[in-house]
Amino acid sequence: MTKPRTFVVATLIGLVLASLFANAQQQKYDFVISGARIVDGTGAPWFIGDVGILGDRIAALGDLRNAAAKQRIDATGLVASPGFIDVQGQSEFNVLVDNRAASKIMQGVTTEITGEGTSIAPLNEHVLGEFRDDATKYNVSLDWRSLDEYLRRFDRARPAINLGTFVGAGGVRNYVMGKEDRSANPAELEQMRQLVAQAMQQGAFGLSTALQYVPDSFASTDEIVELAKVARQYGGVYFTHQRSEGDRIFQSLDEVFSISQRANISTTIWHLKTAYSENWGKMPEVLSRIEAARAHGIDVAASVYPYTRASNGLVACFPSWVSEGGFDKMTERLKDPVQRARAQKEMTEPSATWENQWLGSGGAQGVTLIQVLNPDLHKYEGMNFEEIGRQTGKDPKDTAMDIAIADHGQSQVVISIMQESDVRAAVTNSIVTYGSDSGAQAEDGPLSTTKAHPRAFGTFPRILAEYVRTENTMPLEEAVRKMTSQAASRVGIMDRGILRQGMMADVTLFDPAAVQDVATYNDPLHYSSGVKAVFVNGRPVVLDGKITDERPGRALRGPGYKPGGNAH
């Protein structure tokens with residue numbers, strides 16, 4: 001009697017699985033993570049199993065209880081997930097100062113994507129000037145000009161994390177035109193296109209803009225589209241700090257959709273927000289418009305960080321015309337009593353031409369100084385400008401301008417501009433992934449000498465603690481999917497973000513009942529808790545909740561990468 005076909009198929013499947021199981025048991029692994037609750041990054045339900053790591057790859061998932069391993073890690077009660085991907089890290093310079101990337105790996109972050117608007121390369125002598133204050137303070141040699149040269153320098157620094165970058169349209173504009181408020185002529189636009197092409201060939205993942213800030217704010221939509229088309233030719237994507245997150249947010253969204261559609265490029269909006277009290281409550285409408293654009297075939301999504309306060313340069317609190325032409329021009333204007341008075345008046349008035357963060361934060365009380373380069377100014381770190389004004393005996397706006405001059409325009413601030421319900425709506429939306437918008441810092445060493453926004457230390461644990469465990473606004477599997485495979489797919493990373501045989505062994509092991517952000521606005525320099533182990537390219541950078549001596553991070557290169565690539 002002939003056996004049914006289904007019986008034969010089932011038998012064959014059983015034999016294949018038995019063979020795979022036998023092979024898995026015979027293999028000797030470098031590490032076996034045993035008995036974990038595996039959340040694989042796809043959004044699928046968790047399951048109990050083991051993870052086998054061999055070299056820099058995930059070699060097996062399943063039952064490896066009898067397999068040989070150089071080191072076995074008991075993960076009973078813990079979650080094993082893909083390493084978290086920070087789609088808006090800012091550590092491209094910081095890892096050259098402290099290669100531990102400590103505040104990131106202690107969150108479970110294994111990969112950063114960076115390069116917002118102004119990227120680490122390409123550089124010429126003009127653009128280099130903007131890096132020199134940091135380089136002098138931290139004794140970093142600025143010995144690269146092209147993106148390829150930077151990525152090689154990154155690898156030589158032996159960092160703990162992986163890092164990929166975009167090529168910043170603002171940086172390219174500054175390279176060619178400086179910080180002039182005018183349209184690019186045809187020759188300048190062609191030079192910018194060539195610089196983008198070269199960066200894509202050297203490993204950039206795509207084009208980025210920071211359209212709220214000088215010089216990106218001077219670029220037209222048409223200019224951005226032309227540069228985005230070049231990135232798209234090399235398989236790249238487009239990430240943007242959109243032109244307005246406040247009163248003009250809906251017009252700004254329309255520009256994002258237009259750029260994506262005209263350049264036929266996958267687009268992600270960084271740190272999506274509805275800023276300033278008059279715009280609070282608009283996040284559901286913002287998300288609805290993004291979803292409607294997707295329904296019409298426009299590939300657009302977003303990222304967010306889980307905090308109600310933002311952070312950026314102090315000079316962003318001044319009208320954009322103040323910064324046109326660079327630091328020297330800014331200083332001339334702020335030292336001119338007439339122009340200073342004009343700028344201060346505009347800081348107290350609503351504007352249709354720039355994002356008035358000073359006014360939107362509620363004025364001096366809502367703007368806190370967190371980082372300076374000038375050591376004479378350290379005494380003001382952690383104070384808001386109302387407090388600094390009282391201490392100096394000056395109007396807070398005068399104090400802000402004096403500090404900007406004394407610190408060569410490098411000061412960083414935290415600003416109070418969002419409400420929690422809008423943040424929650426974005427954090428939990430299925431098309432939104434996560435980025436800290438902060439460089440790595442540390443509890444000790446050279447990057448511990450300034451304050452920080454707590455997001456540098458707590459972004460990913462805060463999501464797991466606040467929105468998954470405490471508020472139950474989304475399942476654990478969904479949060480991990482958004483931190484891993486979704487982040488990878490938005491950027492274009494093909495070999496990370498999922499726990500699967502053959503993928504790169506970036507793995508985070510955490511206690512779902514104890515993972516917690518610890519950093520606060522008043523006391524930010526504290527590592528998150530509950531992350532027990534972090535593997536980067538198969539090596540443990542965190543083990544037993546402590547940073548190890550392993551530094552296995554790598555420069556990641558985008559889809560257009562060509563060894564020795566140069567535009568022609």
Side-chain angles (χ1 to χ4, degrees), residues 89-99 101 103 114-145 149-150 153-154 157 165 168 170-175 178-179 210 213-216 311-318 320 322-335 367-383 385 388 399-414 437-442 445-453 456 525:
Q90 306 278 14
S91 299
E92 61 271 38
F93 182 83
N94 288 15
V95 291
L96 304 183
V97 178
D98 183 345
N99 65 0
S103 69
T114 186
E116 180 193 359
T118 296
S119 50
I120 197 71
L123 303 178
N124 57 11
E125 291 306 311
H126 165 67
V127 180
L128 268 174
E130 300 184 8
F131 290 86
R132 286 204 170 96
D133 287 332
D134 281 301
T136 299
K137 176 177 180 177
Y138 293 109
N139 195 30
V140 171
S141 176
L142 298 172
D143 54 1
W144 68 90
R145 297 297 180 270
E149 290 170 344
Y150 169 76
R153 172 66 186 281
F154 175 86
T165 184
V172 167
R173 186 176 230 270
N174 194 16
Y175 186 111
K179 294 185 175 181
Y213 307 130
V214 172
D216 302 52
S311 180
N312 52 30
L314 171 60
V315 296
C317 290
F318 308 149
S320 55
V322 171
S323 300
E324 182 188 353
F327 171 72
D328 290 341
K329 293 287 188 182
M330 180 190 78
T331 300
E332 289 178 17
R333 294 180 185 114
L334 294 183
K335 287 184 174 180
V367 182
T368 300
L369 185 68
I370 61 165
Q371 291 181 4
V372 295
L373 291 180
N374 185 336
D376 294 338
L377 303 173
H378 276 305
K379 59 189 174 185
Y380 301 127
E381 286 184 341
M383 300 171 63
F385 276 91
I388 299 172
T399 302
M401 291 175 177
D402 291 344
I403 287 176
I405 293 169
D407 209 30
H408 288 191
Q410 301 296 313
S411 309
Q412 298 292 308
V413 295
V414 164
D437 195 14
S438 288
Q441 291 188 243
L447 295 177
S448 68
T449 60
T450 63
K451 299 291 187 181
H453 190 299
L525 304 185

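We number each residue from 1, following the sequence as shown.
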Would you please name every residue forming a side chain to side chain donor-acceptor pair (under 3.5 Å) with [X], sequence neighbours left out?
| X | value |
| --- | --- |
| Ser311 | none |
| Asp437 | Gln88, Gln90, Arg455 |
| Thr114 | Glu92 |
| Thr118 | none |

Salt bridge (charged side-chain N to carboxylate O under 4.0 Å, His left out) partners for [X], two or more places apart:
| X | result |
| --- | --- |
| Glu130 | Lys179 |
| Asp98 | Arg100 |
| Asp133 | none |
| Arg333 | none |

Q: Start with the C-alpha distance between Leu96 and Trp144, add both sets of side-chain angles, then the distance that settles side chain to side chain contact (heavy atoms under 4.5 Å, CB included), and finish with yes or no.
A: CA-CA 12 Å; Leu96 304 183; Trp144 68 90; 3.7 Å; yes
Q: Begin with the C-alpha distance, continue with both residues' side-chain angles, and end with the deciding distance and a verdict on side chain to side chain contact (heavy atoms under 4.5 Å, CB included) for Asn174 and His126.
A: CA-CA 8 Å; Asn174 194 16; His126 165 67; 2.8 Å; yes
Which residues share a ring-ring contact (aromatic ring centres under 6.0 Å, His included) with [X], sequence neighbours left out:
| X | answer |
| --- | --- |
| Phe318 | none |
| Tyr213 | His241 |
| Phe327 | His408 |

For [X] and [Y], which heavy atoms make the closest approach, and how far apart are they?
| X | Y | answer |
| --- | --- | --- |
| Ala101 | Ala440 | CA-CB, 3.6 Å |
| Cys317 | Val367 | SG-CG1, 4.2 Å |
| Ser438 | His453 | OG-CB, 4.5 Å |

Q: Measure the spacing between CG of Leu369 and CG of Asp407 and express it to the nearest 0.5 Å.
A: 8.0 Å
Q: Evaluate the side chain to side chain contact (heavy atoms under 4.5 Å, CB included) criterion for residues Leu334 and Val322: first the C-alpha distance (whole Å), next the side-chain angles of each, then the deciding distance (0.1 Å), finally the verdict.
A: CA-CA 8 Å; Leu334 294 183; Val322 171; 3.8 Å; yes
(Q) side chain to side chain contact (heavy atoms under 4.5 Å, CB included), that's the test. Do His378 and Val372 meet it? Break it down for me. (A) CA-CA 7 Å; His378 276 305; Val372 295; 3.7 Å; yes
Q) So does Lys137 have more than 12 non-hydrogen atoms from other groups sitting under 6.0 Å from NZ? A) yes
Q.
Around atom CG of Asn139, are there more than 12 heavy atoms from other residues, nucleotides or ligands closer than 6.0 Å?
A. no
Q | Pairs flagged by salt bridge (Lys or Arg N to Asp or Glu O under 4.0 Å) wherever residues 367-381 is involved - sequence neighbours left out | A | none
